Protein chains: 2
Amino acid sequence: MPTVADDVFKALADPTRRALFERLARDGEQTVHALTDHAGVSQPTVSKHLGILKIANLVRDRPEGRETYYSAQPQALAPLIDWMSLYADFWRERFDRLESLLKKMDQ
Amino acid sequence: MPTVADDVFKALADPTRRALFERLARDGEQTVHALTDHAGVSQPTVSKHLGILKIANLVRDRPEGRETYYSAQPQALAPLIDWMSLYADFWRERFDRLESLLKKMDQ
DNA sequence: ACAATCCATAGCCGAATGGCTATGGATTCA
DNA sequence: TGAATCCATAGCCATTCGGCTATGGATTGT
């Protein structure tokens, strides 16, 4: 059953990609070069990971001259929220807050 | 950055494993044999996947005679919620800022 | 104009992944 | 007791994955 959530789950399954996403979410839009400086892997590897994150809509790119600025798109986490909502009986409070935030941001 | 969330993300990255978890969460505790009947893969493959889910604490096994009953442990999703909540906070900040800005502009 | 920088793509490689069959121990049934 | 069932493990194989270097187009700086 390949779903929409599949790309997102797979994209976030790798620690390097999660770190890239985390950094973009925390520190805001930045270039591939800036990301590479802190990623601990080569620039082509960073580019490849960003490509996978982009397919999952977790990041967005904004080319500007010879540079490309990437930024996080946390709304792309929504499919995960949807999927987990089926099993979320336990942490109901935390979850409700998160979900309503996402819906607000989606508008 | 290998975190606690890593096992959970990796475990859920595979569609077959997600389907197993979904079925256990939806229909409750059941044997490997019952799971195999609906998984579309062989029994050893199901067992292997269950092993990975178990390492991530997403399922629990209860041997009984020659059978083994598995059940879902949705609490194991908590690390994912926690991870995502980091970005919920991030969103709320920005959202709150935007909201207050809009109010100011409205005056 | 030339040199340097940024980044994406291509191509390679070893390790991990997800599937299978074969097997065998443990249990249950006839 | 003997046959059948349940399930985990082992071992195999093809594919995917995550890293690298090499390269080259585009842009920017000198």
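Source: prediction; values computed, not measured. Naming: A, B, ... by sequence-line order, numbering from 1 per chain.
The phosphate of D:dC17 (OP1 or OP2) has no side-chain N or O of A:His49 nearer than 4.0 angstrom. Contact annotation: A:Thr68 side-chain N/O to C:dA8 OP1/OP2 distance is under 4.0 Å. Between A:Ser47 and C:dT9 there is no side-chain polar atom (N or O) within less than 4.0 angstrom of OP1 or OP2. Not one side-chain nitrogen or oxygen of B:Thr45 sits closer than 4.0 Å to the OP1 or OP2 atom of C:dG18.
Here the P atom of nucleotide D:dC7 and the CG atom of B:Asp61 are 11 Å apart, to the nearest Å. Whole-Å rounding puts the A:Gln43 CD to C:dA10 P distance at 14 Å. Residue B:Leu35 contributes atom CG, which lies 10 Å from atom P of D:dA8 at whole-angstrom precision. Atom CD1 of A:Ile55 is separated from atom C1' of C:dA8 by 14 Å (rounded to the nearest Å). In this entry the distance linking CG of B:Asp37 with P of D:dC6 reads 9 Å, nearest Å. Atom pair A:Glu64:CD and C:dT5:C1' shows a separation of 15 Å (rounding to whole Å applied). Regarding A:His33, its NE2 atom lies at a distance of 16 Å from the C1' atom of D:dA26, rounded to whole Å. Separating the CG atom of A:Leu20 from the P atom of C:dC7 is a distance of 13 Å, rounded to the nearest angstrom.
Using a 4.0 Å heavy-atom criterion, one finds that B:Pro63 contacts no nucleic acid atom at all. Counting any heavy atom pair closer than 4.0 Å across all strands shown, B:Thr31 reaches sugar-phosphate atoms only and no base atom. Within 4.0 Å (heavy atoms only), A:Tyr69 reaches no atom of the nucleic acid at all.
Comparing C:dC7, D:dC17, D:dC20 by their closest approach to the side chain of A:Lys10 singles out D:dC17. You'll find that the side chain of B:Pro44 is closest to D:dA10, out of C:dC7, D:dG19, D:dA10. The nucleotide whose nearest atom lies closest to any side-chain atom of B:Thr16 is, among C:dG19, D:dG19, C:dT17, C:dG19.
Judged by distance alone, the side chains of A:Ser47 and A:Gln43 do bring a donor and an acceptor atom under 3.5 Å apart.
For the residue pair A:Tyr70 and A:Leu35, the shortest heavy atom distance occurs at CB-CD1, 4.5 Å. Minimum interatomic distance between A:Lys10 and B:Pro15 (heavy atoms only, all atoms of both residues): NZ-CD, 3.8 Å. Across all their heavy atoms, A:Ala56 and A:Asp7 have their closest contact at CB-O, 3.8 Å.
Closest-nucleotide positions on DNA chain D for A:Arg17 and B:Glu67 were compared, and the one nearer the 5' end corresponds to B:Glu67. Taking for each of A:Lys48 and A:Arg66 the nucleotide of DNA chain C with the nearest heavy atom, the 5'-most of the two is the partner of A:Arg66.
Taken from CD1 in A:Ile81 to CE in B:Met84, the straight-line distance is 4.0 Å, to the nearest 0.5 Å.
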